[in-house]
Amino acid sequence: MPWTISDIPDLTGKNAVVTGPTLGGIGYFVARGLAAAGARVILAGRSWEKLDAAAEALTEEVPGASLDRVALDLSSLQAVRAGAEAIAAATFDGGGPLHLLVNNAGVMATPQSRTADDLDLQMATNHFGPFLLTGLLLEPLAESGEGRIVTMASVAHKAARKAPLGFPTVQVGRYSPWGVYSQSKLANLLFTFELQRRLEKAGLPVGAYAAHPGLASTHLMANGASRTMFAPIASIGEAAVRAMAQTPEAGAWPALMAATFPGLEPGTYIGPSDAFEGRGVPKPVNASRLARDPEAARALWELSEQTTGIAYP
């Protein structure tokens, strides 16, 4: 039987963090699905205005929803550390340990930009920030005895021809917004599979999973990719995406399956079921050969620890 949202089990008593829960986006529908099943959901985003809007809408759609809000800008390593402290305080302040972290927030094909840490904006937001956040929250996740980490990747990872292993504060050659985006999504998968290997070796009761939404009609195109295109081309591109894409609600299904499906093997990658993984009910899908390369994963892990200043336990 195909997975449906009705397969989400009762999550009463569970604590979950969802990054990037902007109203109408994939993270919002992930949070809604978890809250509707009874989970206490910590909404983590960089804008208090957007967090307030998401919390208000979720409360209307899920009466009695248990929600918290935490300011978290994944593009800033300092802000990630502050956000992780706030999340830990929210979970342990009478709420118990952390059961689930959904690394959903990200940017797509943005123009070249450097962060306060002199990192590429896409790599910082999509990989280095989530890498640091996950490491900082690993202890409360392990405390639950059944922690899950779900990181949102993309089918675009298959377009990456090499792993992003260059020195992160140095830009070599011409900047390609789509090329860097593909590499950042490849990094999500390399991170997930290496994290799972390390969790198993350490014997920690936490599982790492990945998911991708397929082709979903969200604000990422307008907020990122379309800014790298000539305006008429961008409008045509957005119209084409809207015509072919599934809804953000359907785009959230793979992450919800990865986050909640009982007995799902750790290290599983979930995506839409049609032939091109663009839309459809979620199921386990294949990552590229490069995404499964353990040597590339170890090299990226070491680079990420050096860049973020964290050493995973």
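- In this structure, Met123 is not a member of the same hydrophobic cluster as Leu165, with clusters built from ILVMFWY side-chain heavy atoms closer than 4.5 Å.
- Nearest heavy atoms, Ala16 versus Leu34: CB-CD1, 4.0 Å.
- Across every non-hydrogen atom of Gly106 and Thr125, the tightest pair is CA-CG2, 4.1 Å.
- Annotation: side chain of Arg40 is in contact with side chain of Asp68 (closest heavy-atom distance under 4.5 Å).
- The distance from atom CG of Leu199 to atom CZ of Arg197, rounded to the nearest 0.5 Å, is 11.0 Å.
- A continuous path of ILVMFWY side-chain contacts below 4.5 Å connects Leu300 to Leu186, so both sit in one hydrophobic cluster.
- A single hydrophobic cluster is seen to contain both Val41 and Leu23, as judged by linkage of ILVMFWY side chains at heavy-atom distances under 4.5 Å, directly or through other members.
- The shortest distance between side-chain heavy atoms of Leu51 and Trp48 falls below 4.5 Å.
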- Item | Criterion side chain to side chain contact (heavy atoms under 4.5 Å, CB included) on Phe167 and Val170, from CA distance to verdict | CA-CA 6 Å; Phe167 197 66; Val170 176; 3.7 Å; yes

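- Here CE of Met257 is found 10.5 Å from OH of Tyr209. Values are rounded to the nearest 0.5 Å.
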- Message: Show, in sequence, the C-alpha distance, side-chain angles and deciding distance for Asp120 and Tyr175, and conclude whether the side chain to side chain contact (heavy atoms under 4.5 Å, CB included) test is met.
- Response: CA-CA 10 Å; Asp120 174 76; Tyr175 189 80; 2.7 Å; yes

Donor-acceptor contacts, no H, no angles, side chain residues 144-161, under 3.5 Å, sequence neighbours left out:
| unit_1 | atom_1 | unit_2 | atom_2 | d |
| --- | --- | --- | --- | --- |
| Ser144 | OG | Leu98 | O | 3.2 |
| Ser144 | OG | Leu141 | O | 2.7 |
| Ser144 | OG | Glu146 | N | 3.2 |
| Ser144 | OG | Gly147 | N | 3.2 |
| Glu146 | OE1 | Lys14 | NZ | 3.4 |
| Glu146 | OE2 | Lys14 | NZ | 2.3 |
| Arg148 | NH1 | Ala258 | O | 2.8 |
| Arg148 | NH1 | Phe261 | O | 3.3 |
| Arg148 | NH2 | Phe261 | O | 2.7 |
| Thr151 | OG1 | Asn103 | ND2 | 3.3 |
| Ser154 | OG | Ala156 | N | 2.9 |
| His157 | ND1 | Ser154 | O | 2.9 |
| His157 | NE2 | Ser288 | N | 3.0 |
| Arg161 | NH1 | Lys158 | O | 3.1 |
| Arg161 | NH1 | Ala159 | O | 3.4 |

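- When the shell of 6.0 Å around CD of Gln112 is examined, it contains more than 12 heavy atoms from other residues, nucleotides or ligands.
- Residues Pro2 and Ser273 form no side-chain contact, since every pair of their non-hydrogen atoms from C-beta on lies 4.5 Å or further apart.
- Using a 4.5 Å heavy-atom threshold, the side chains of Gln196 and Phe193 count as separate.
- Residues Val17 and Leu100 have side chains not in contact (no heavy-atom distance under 4.5 Å, counting atoms from C-beta outward).
- A distance of 10.0 Å separates OG1 in Thr22 from CG in Leu43, rounded to the nearest 0.5 Å.
- At least one donor-acceptor pair closer than 3.5 Å links the side chain of Gln122 to the backbone N or O of Ala109.
- What you find for Ala296 and Leu190 is that their closest heavy atoms are CB-CD2, 4.2 Å.
- Two residues are said to be in side-chain contact when any heavy atoms from C-beta on lie closer than 4.5 Å; Tyr269 and Thr192 fail this criterion.
- Using a cutoff of 4.0 Å between basic side-chain nitrogens and carboxylate oxygens, Arg81 and Glu85 are not scored as salt-bridged.
- Going from atom CG of Asp274 over to atom CG of Leu215 covers 9.5 Å, rounded to the nearest 0.5 Å.
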- Message: Glu302 vs Arg298, test: salt bridge (Lys or Arg N to Asp or Glu O under 4.0 Å). Steps then yes/no.
- Response: CA-CA 6 Å; Glu302 292 172 3; Arg298 279 192 289 271; over 6 Å; no

- Message: Before you tell me yes or no, could you show the steps for Asn104 and Ile26 under side chain to side chain contact (heavy atoms under 4.5 Å, CB included), namely the whole-Å CA-CA distance, both residues' side-chain angles and the distance that decides it to 0.1 Å?
- Response: CA-CA 8 Å; Asn104 163 77; Ile26 289 170; 3.7 Å; yes

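- Between Ala291 and Leu189, the shortest heavy-atom distance links the atoms CB-CB, 4.0 Å.
- Side-chain contact between Glu265 and Thr268: present, with at least one pair of heavy atoms (C-beta onward) separated by less than 4.5 Å.
- Closest of all the heavy-atom pairs between Gly271 and Val285 is N-CG2, 3.6 Å.
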Which atom pairs, one a donor and one an acceptor, fall under 3.5 Å between side chains of residues 305-313 and the rest of the protein, sequence neighbours left out?
| unit_1 | atom_1 | unit_2 | atom_2 | d |
| --- | --- | --- | --- | --- |
| Glu305 | OE2 | Trp301 | NE1 | 3.1 |
| Glu305 | OE2 | Tyr312 | N | 3.1 |
| Thr307 | OG1 | Leu303 | O | 2.8 |
| Thr308 | OG1 | Ser304 | O | 2.7 |
| Tyr312 | OH | Phe131 | O | 2.6 |
| Tyr312 | OH | Gly135 | N | 3.0 |

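- The closest side-chain heavy-atom distance from Val281 to Pro272 is not below 4.5 Å.
- Linking Ile, Leu, Val, Met, Phe, Trp and Tyr residues whenever their side-chain heavy atoms come within less than 4.5 Å places Leu195 and Leu137 in a single cluster.
- Within the model, atoms CH2 of Trp178 and CD of Gln183 stand 14.5 Å from one another, a figure rounded to the nearest 0.5 Å.
- Between the side chains of Asn126 and Tyr181, no donor-acceptor pair is found at a separation under 3.5 Å.
- How far CG of Leu119 is from CG of Asp117: 5.0 Å, rounded to the nearest 0.5 Å.
- Hydrophobic clustering (side-chain heavy atoms under 4.5 Å, transitive across Ile, Leu, Val, Met, Phe, Trp, Tyr) groups Leu101 together with Leu77.
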- Test log, rule side chain to side chain contact (heavy atoms under 4.5 Å, CB included), inputs Leu138 and Leu204: CA-CA 9 Å; Leu138 197 55; Leu204 291 177; 4.2 Å; yes

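- Nearest heavy atom pair, residue Gln246 against residue Gly280, reads OE1-N, 3.2 Å.
- The number of heavy atoms from other shown groups lying within 6.0 Å of CG (Asn286) does not exceed 12.
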